[in-house]
Amino acid sequence: MIAVVGLGKAGLPLSFVIADSGLKVIGVDVDAKKCDMINRGTNPIPEEPGLGELVEKHGGKNLIATPEYEDAAGCDVFIVIVPLFVDDTYNPDFGILESAFRSVGRILKRGDLVVLETTVPPMTTETLARRWLEEESGLELGEFHLAHSPERIMTGYSISRLREFAKVVGGVDEESGTKVYDIYKKFIADLHMVSSARVAEFIKLMEGCYRDVNIALANELFKISGELGINFYEAREYANHEYCHLHMPSTGVGGHCIPVYPWFLIKYMEEREKFSYSELLRTSRTINDEMIEYWAGKIILECLKVNKPLDDVKICIKGITFRQGVKQLYHSRNLALVKLLMEKGLNIFVYDELFSEEELEKMGLRGISPDDADLIFDSSELWMEIP
Ligand SMILES: NC(=O)c1ccc[n+]([C@@H]2O[C@H](COP(=O)([O-])OP(=O)(O)OC[C@H]3O[C@@H](n4cnc5c(N)ncnc54)[C@H](O)[C@@H]3O)[C@@H](O)[C@H]2O)c1
């Protein structure tokens, strides 16, 4: 029997894909209300396509959710997928991960396998995770098995990603690698074993860094093309080919993943005084975060075309979430842009179909219909209009 620890946006789809393959799953989550919902067959993440049907079919049956780790004591595989945040100085805060691993350690038995799926700084699986488990269980690595398999889902596409996207697994030792591969093969179609947990961890970090750097490049070329009077999108269409994959420009990069993962490597290199090794990653972070300054400048210039004093111009920022269609605000650069323009004393309103007037008010924002604005800035399409 498999336990999935952390039934959030990543853990819940994974646990139901496992349950749908016919395996019995115990889902452990500290949120007792969420566990109740799941056991009643109610989907706590309705915005995730395909998840509702699985929760209805398996909730409280093939998958039983519980806030008590003790209820998972009979499991022999533990998959941990709880959040890991960074603090204000971008250092990882291991608090939740440590608590989850120590709780698993207390019910760990000889021969069990523990798999970390949360994206983590390099070598977390083989150092911290191993230590927490050994300290709590009194067992040594070898008596239990330990591996990493990065979660590569994207909210809104989680079920299809788990079913169709390549997934990798890597053990902290050879036996753990073989064991994790054999178990994951039962519910993941496109599975690949890599040589170590360290490699598996790095794959996810590489991917996040590639996206962040690529977006920073797109943003920089977008600004340059503007100075040259060139339509960036026209040029990009022909620039991209097999060896050139320029991403799209934006107001920056938001969410829990891409803006966070480069910091795991930047901090790791800086701790070792290898400052020059992660210069590109750091610069890309700065370029992406500073895009809101660029857009604030453009918006102000456009406002000057409206026949009103600057602070009377009703500006509507359309879209405040970090990604279009996903109701999440973590590190949203669109929301940061709204706040920056408000700080500059401009007359800022927002429109986002995912939020009610009441929800906007609670965040200290004013809603508006785009038709009633003097200037609209669409944050995902990056266009401005004076209606
Ligand atoms: N959401 C995504 O799109 C995504 C994509 C790829 C990878 N990930 C990875 O998944 C991790 C988790 O992200 P998420 O989006 O699922 O987070 P989330 O906030 O949606 O869910 C986390 C869940 O963990 C539970 N939890 C917290 N502490 C716990 C503990 N000690 N024991 C048991 N449960 C606990 C919470 O109650 C919550 O239900 C991320 O840190 C990231 O590494 C997420």
Side-chain angles (χ1 to χ4, degrees), residues 9 45-48 88 154-156 212 215-216 218-220 222-223 225-227 231-233 247-260 285-387:
K9 289 176 285 298
I45 315 175
E47 62 274 22
E48 192 59 66
D88 294 343
M154 203 168 135
T155 303
D212 201 42
I215 294 166
N219 278 332
E220 193 153 288
F222 181 81
K223 289 188 281 188
S225 62
E227 289 299 301
N231 181 329
F232 171 86
Y233 301 101
H247 282 15
M248 293 293 258
S250 61
T251 53
V253 184
H256 288 278
C257 302
I258 302 174
V260 174
R285 279 284 68 244
T286 307
I287 291 173
N288 286 333
D289 274 354
E290 285 180 357
M291 280 309 284
I292 58 168
E293 303 280 351
Y294 170 83
W295 284 111
K298 290 281 172 202
I299 289 168
I300 291 169
L301 275 181
E302 200 67 12
C303 283
L304 298 178
K305 295 182 189 162
V306 180
N307 197 15
K308 275 185 178 179
L310 184 59
D311 48 10
D312 277 356
V313 178
K314 283 187 187 170
I315 303 168
C316 169
I317 305 295
K318 202 172 164 203
I320 56 166
T321 55
F322 84 81
R323 180 153 61 86
Q324 199 179 11
V326 175
K327 196 176 175 182
Q328 284 177 35
L329 293 167
Y330 188 80
H331 201 77
S332 162
R333 300 315 288 159
N334 298 327
L335 187 58
L337 174 63
V338 168
K339 290 188 175 156
L340 179 68
L341 291 166
M342 284 164 76
E343 276 162 30
K344 289 184 189 290
L346 293 157
N347 196 14
I348 300 296
F349 296 82
V350 301
Y351 172 78
D352 193 315
E353 55 194 17
L354 297 174
F355 291 86
S356 66
E357 283 279 337
E358 237 187 348
E359 287 173 315
L360 294 177
E361 257 171 47
K362 269 190 198 153
M363 290 188 271
L365 305 174
R366 294 180 297 168
I368 195 172
S369 157
D371 298 340
D372 297 332
D374 298 316
L375 183 135
I376 306 163
F377 173 70
D378 186 311
S379 61
S380 54
E381 303 292 330
L382 300 182
W383 55 254
M384 268 184 259
E385 188 189 0
I386 299 172

Step-by-step salt bridge (Lys or Arg N to Asp or Glu O under 4.0 Å) determination, K305 to E302 = CA-CA 6 Å; K305 295 182 189 162; E302 200 67 12; 3.0 Å; yes
In terms of ring plane angle, is the pair Y294 and F222 parallel, tilted or perpendicular, where the classes change at 30° and 60°?
-> perpendicular
Does K327 NZ have over 12 foreign heavy atoms under 6.0 Å away?
-> yes
Identify the residue among S332, S250, P259 that makes a side chain to side chain contact (heavy atoms under 4.5 Å, CB included) with F322.
-> S332
Residues I348, I315; criterion side-chain contact (heavy atoms from CB on, under 4.5 Å); working and verdict = CA-CA 5 Å; I348 300 296; I315 303 168; 3.8 Å; yes
If only atom types and distance count, is the side chain of N288 paired as donor or acceptor with the main-chain N or O of D212 below 3.5 Å?
-> yes
Flag side-chain contact, heavy atom, 4.5 Å: F355 against T321 | yes
Minimum heavy-atom distance between S225 and F232, given as atom pair plus value | OG-CB, 3.4 Å
Might you confirm whether atom CG of N231 has over 12 heavy atoms from other residues, nucleotides or ligands at distances under 6.0 Å?
-> yes
Side-chain touch I320/L360, heavy atoms, less than 4.5 angstrom = yes
Which heavy-atom pair separates Y330 from V260 by the least distance, and what is that distance?
-> CE2-CG2, 4.4 Å
Side-chain heavy-atom pair H331, D289 within 4.5 angstrom cut-off = yes
Shortest non-hydrogen contact from R333 to I292?
-> O-CG2, 3.2 Å
Give a yes or no answer on whether the side chain of R323 reaches the backbone of T155 with a donor-acceptor pair at less than 3.5 Å.
-> yes
Mind checking whether Q324 and E381 have side chains closer than 4.5 Å, heavy atoms only?
-> yes
Residue K223 excluded, over 12 heavy atoms near NZ under 6.0 Å | yes
